[in-house]
Amino acid sequence: AFSRCSALVELTLPTALTSIGAGAFEQCTSLAELTLPAALTSIGDDAFYGCSSLTSLTFPASVVTIGCYAFGSCSSLTNVDFSAVTDANIGRLAFADCERLAKLTLPAALSRIDERTFSGCSALVELTLPTALTSIGTRAFSDCTSLTTLIVPAASQLAHVGEEAQGHLDAPTETRL
């Protein structure tokens, strides 16, 4: 729809919008302000891929699906907040190569982090895993070179950690239970 619209700076979507299709705003490199509507349930593959001026995202409680590469290579993204979201299916590479992502709040009932979902988020220093998390996919946090603190709740349901979930990095310097 608006793919590669390099002049688009701010986007406020209709409040009744429930779905954003694949590649809808891909490579809108000047897009810095994005307000996601309260009714939004689904964000398609590559929907905001390469929106390199986008700095912050707050997801509404209604979001249940985020497609593959949906926010991949959003290189200025520093904050992603899922705190209002109960659970969501976050696709492969959804936030891959968001190299400035430093603050990440995951959904409380998130049960799975797919393969390479947050790979290349090299500014991420600390992460608290949700208690409901049962599986971390292959290379989910590969190349998160600053990730030094991983907080795993004492009541964690984590049962599976995929191969190289943290890539070729040393283990976090601190793991809190």
Side-chain angles (χ1 to χ4, degrees), residues 20 22-23 26 36 40-52 54 56-59 61-177:
I20 298 172
E26 178 181 12
L36 297 172
L40 187 66
T41 59
S42 175
I43 300 170
D45 296 349
D46 301 302
F48 294 94
Y49 177 85
C51 291
S52 56
L54 196 58
S56 183
L57 286 171
T58 300
F59 289 89
S62 56
V63 169
V64 293
T65 303
I66 297 171
C68 299
Y69 276 115
F71 295 93
S73 293
C74 290
S75 57
S76 294
L77 193 59
T78 60
N79 180 36
V80 173
D81 185 357
F82 284 103
S83 61
V85 177
T86 304
D87 191 9
N89 178 12
I90 304 172
R92 293 179 303 106
L93 298 144
F95 293 91
D97 300 319
C98 293
E99 57 206 34
R100 292 191 184 129
L101 182 60
K103 185 167 174 34
L104 173 62
T105 306
L106 294 170
L110 183 68
S111 61
R112 176 179 172 80
I113 296 175
D114 219 339
E115 67 181 76
R116 297 188 61 114
T117 301
F118 298 101
S119 64
C121 295
S122 54
L124 191 59
V125 174
E126 179 176 302
L127 181 64
T128 301
L129 298 177
T131 303
L133 188 67
T134 60
S135 177
I136 298 175
T138 301
R139 298 184 60 89
F141 296 97
S142 66
D143 300 319
C144 291
T145 54
S146 298
L147 186 59
T148 57
T149 303
L150 184 63
I151 301 169
V152 182
S156 175
Q157 298 175 29
L158 189 60
H160 172 77
V161 177
E163 292 180 30
E164 298 181 29
Q166 201 178 345
H168 299 288
L169 305 178
D170 295 328
T173 57
E174 179 181 0
T175 302
R176 293 187 218 156
L177 300 174

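Computed from a predicted model, the values in this text were never measured in an experiment.
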Peer 1: Report the residue from Ile43, Leu101, Ile90 that forms a side chain to side chain contact (heavy atoms under 4.5 Å, CB included) with Phe71.
Peer 2: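 So, applying the side chain to side chain contact (heavy atoms under 4.5 Å, CB included) to Phe71 and each of Ile43, Leu101, Ile90, only Ile43 qualifies.
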Peer 1: Minimum heavy-atom separation for Pro130 to Pro153, with atom names?
Peer 2: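 Heavy-atom minimum between the residues: C-CG, 4.3 Å.
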Peer 1: For Ile113 and Ala140, work out which heavy atoms get closest and say how close.
Peer 2: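 What the structure gives for the nearest pair is CG2-CB, 3.9 Å.
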Peer 1: Hey, what do you get for CG (Leu129) to OG1 (Thr134), rounding to the nearest 0.5 Å?
Peer 2: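 If we round to the nearest 0.5 Å, Leu129:CG and Thr134:OG1 are 11.5 Å apart.
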Peer 1: Can you sort out the partners of Ala108 under side-chain contact (heavy atoms from CB on, under 4.5 Å), two or more places apart, ordered by chain and number?
Peer 2: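 Expected list: none.
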Peer 1: Looking at every heavy atom in both Ser146 and Ser122, which two are closest together, and how far apart are they?
Peer 2: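 So the two residues come closest at OG-O, 2.7 Å.
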Peer 1: Not counting sequence neighbours, which residues clear side-chain hydrogen bond (donor to acceptor under 3.5 Å, both in side chains) with Ser83? List them please.
Peer 2: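 If we apply the side-chain hydrogen bond (donor to acceptor under 3.5 Å, both in side chains) test to Ser83, skipping adjacent residues, the hits are Asp81.
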Peer 1: Working to the nearest 0.5 Å, report the span between CD1 of Ile136 and OG1 of Thr117.
Peer 2: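 These two atoms lie 10.0 Å from each other.
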Peer 1: Taking only residues two or more places apart in sequence or in another chain, which ones pass salt bridge (Lys or Arg N to Asp or Glu O under 4.0 Å) with Asp114?
Peer 2: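 Result, salt bridge (Lys or Arg N to Asp or Glu O under 4.0 Å) vs Asp114: Arg112.
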Peer 1: For residues Ser52 and Ser76, report the shortest heavy-atom separation together with the two atoms involved.
Peer 2: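 Answer, listing the atom of Ser52 first, then Ser76: O-OG, 2.6 Å.
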Peer 1: Less than 4.5 Å apart, any side-chain heavy atom of Val63 and any of Leu36?
Peer 2: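 Sidechains of Leu36 and Val63: no contact.
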Peer 1: List the residues meeting ring-ring contact (aromatic ring centres under 6.0 Å, His included) with Tyr49, not counting sequence neighbours, and say none if there are none.
Peer 2: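 Residues passing ring-ring contact (aromatic ring centres under 6.0 Å, His included) with Tyr49: Tyr69.
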Peer 1: Excluding sequence neighbours, so at least two apart, what forms side-chain contact (heavy atoms from CB on, under 4.5 Å) with Thr65?
Peer 2: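 side-chain contact (heavy atoms from CB on, under 4.5 Å) check on Thr65 returns Ser42.
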Peer 1: Mind checking side-chain contact (heavy atoms from CB on, under 4.5 Å) for Asn89 and listing every partner two or more places apart, or none if nothing turns up?
Peer 2: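 Checked Asn89 against side-chain contact (heavy atoms from CB on, under 4.5 Å); zero matches.
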Peer 1: Can you confirm whether Asp143 sits close enough to Ser119 that some side-chain heavy atom of one is under 4.5 Å from a side-chain heavy atom of the other?
Peer 2: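 Counting from C-beta outward, Asp143 and Ser119 never come under 4.5 Å.
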Peer 1: Test: side-chain hydrogen bond (donor to acceptor under 3.5 Å, both in side chains). Region: residues 152-161. Which pairs qualify, not counting sequence neighbours?
Peer 2: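 Passing the test, one end in residues 152-161: no pairs.
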Peer 1: Can you measure from CD (Glu115) to CD (Glu164) and round to the nearest 0.5 angstrom?
Peer 2: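 One finds 12.0 Å between CD of Glu115 and CD of Glu164.
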Peer 1: Applying side-chain contact (heavy atoms from CB on, under 4.5 Å), name anything that partners Val64, two or more places apart in sequence or on another chain.
Peer 2: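 Per chain and number, Val64 pairs via side-chain contact (heavy atoms from CB on, under 4.5 Å) with Thr41.
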Peer 1: Just so I know, are the side chains of Leu57 and Phe48 near enough to count as touching, which here means a heavy-atom distance under 4.5 Å?
Peer 2: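 No, side chains not in contact.
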Peer 1: With sequence neighbours excluded, tell me which residues meet ring-ring contact (aromatic ring centres under 6.0 Å, His included) with Phe118.
Peer 2: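 ring-ring contact (aromatic ring centres under 6.0 Å, His included) list for Phe118, sorted by chain: Phe95, Phe141.
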Peer 1: Can you tell me how far the CG atom of Leu158 sits from the OG1 atom of Thr131, to the nearest 0.5 Å?
Peer 2: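 Taking CG in Leu158 and OG1 in Thr131, the distance rounds to 11.0 Å.
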Peer 1: With no hydrogens and no angle check, is any side-chain donor or acceptor of Ser62 less than 3.5 Å from a backbone partner on Leu40?
Peer 2: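 Looks like yes, one N/O pair under 3.5 Å.
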Peer 1: Indicate the atoms forming the closest heavy-atom contact of Glu26 with Asp46, along with that distance.
Peer 2: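 The answer is CB-O, 3.5 Å.
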Peer 1: Considering only residues two or more places apart or on different chains, which pairs with a residue in residues 88-106 satisfy salt bridge (charged side-chain N to carboxylate O under 4.0 Å, His left out)?
Peer 2: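 As it turns out, there is no salt bridge (charged side-chain N to carboxylate O under 4.0 Å, His left out) pair with a partner in residues 88-106 once direct neighbours are skipped.
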Peer 1: Within the 4.5 Å heavy-atom criterion, are Leu106 and Leu133 side-chain neighbours or not?
Peer 2: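 Side-chain contact under 4.5 Å: no.
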Peer 1: Hey, are the side chains of Leu110 and Val85 touching, using non-hydrogen atoms and a 4.5 Å cut-off?
Peer 2: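 No. Closest side-chain heavy atoms not under 4.5 Å.
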Peer 1: Report the distance from atom CD1 of Ile66 to atom CG of Asp45, rounding to the nearest 0.5 Å.
Peer 2: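 Answer for the CD1-CG pair, Ile66 versus Asp45, is 11.5 Å.
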Peer 1: Between Ala94 and Gly67, which heavy-atom pair has the shortest distance, and what is it?
Peer 2: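 So the two residues come closest at CB-O, 3.7 Å.
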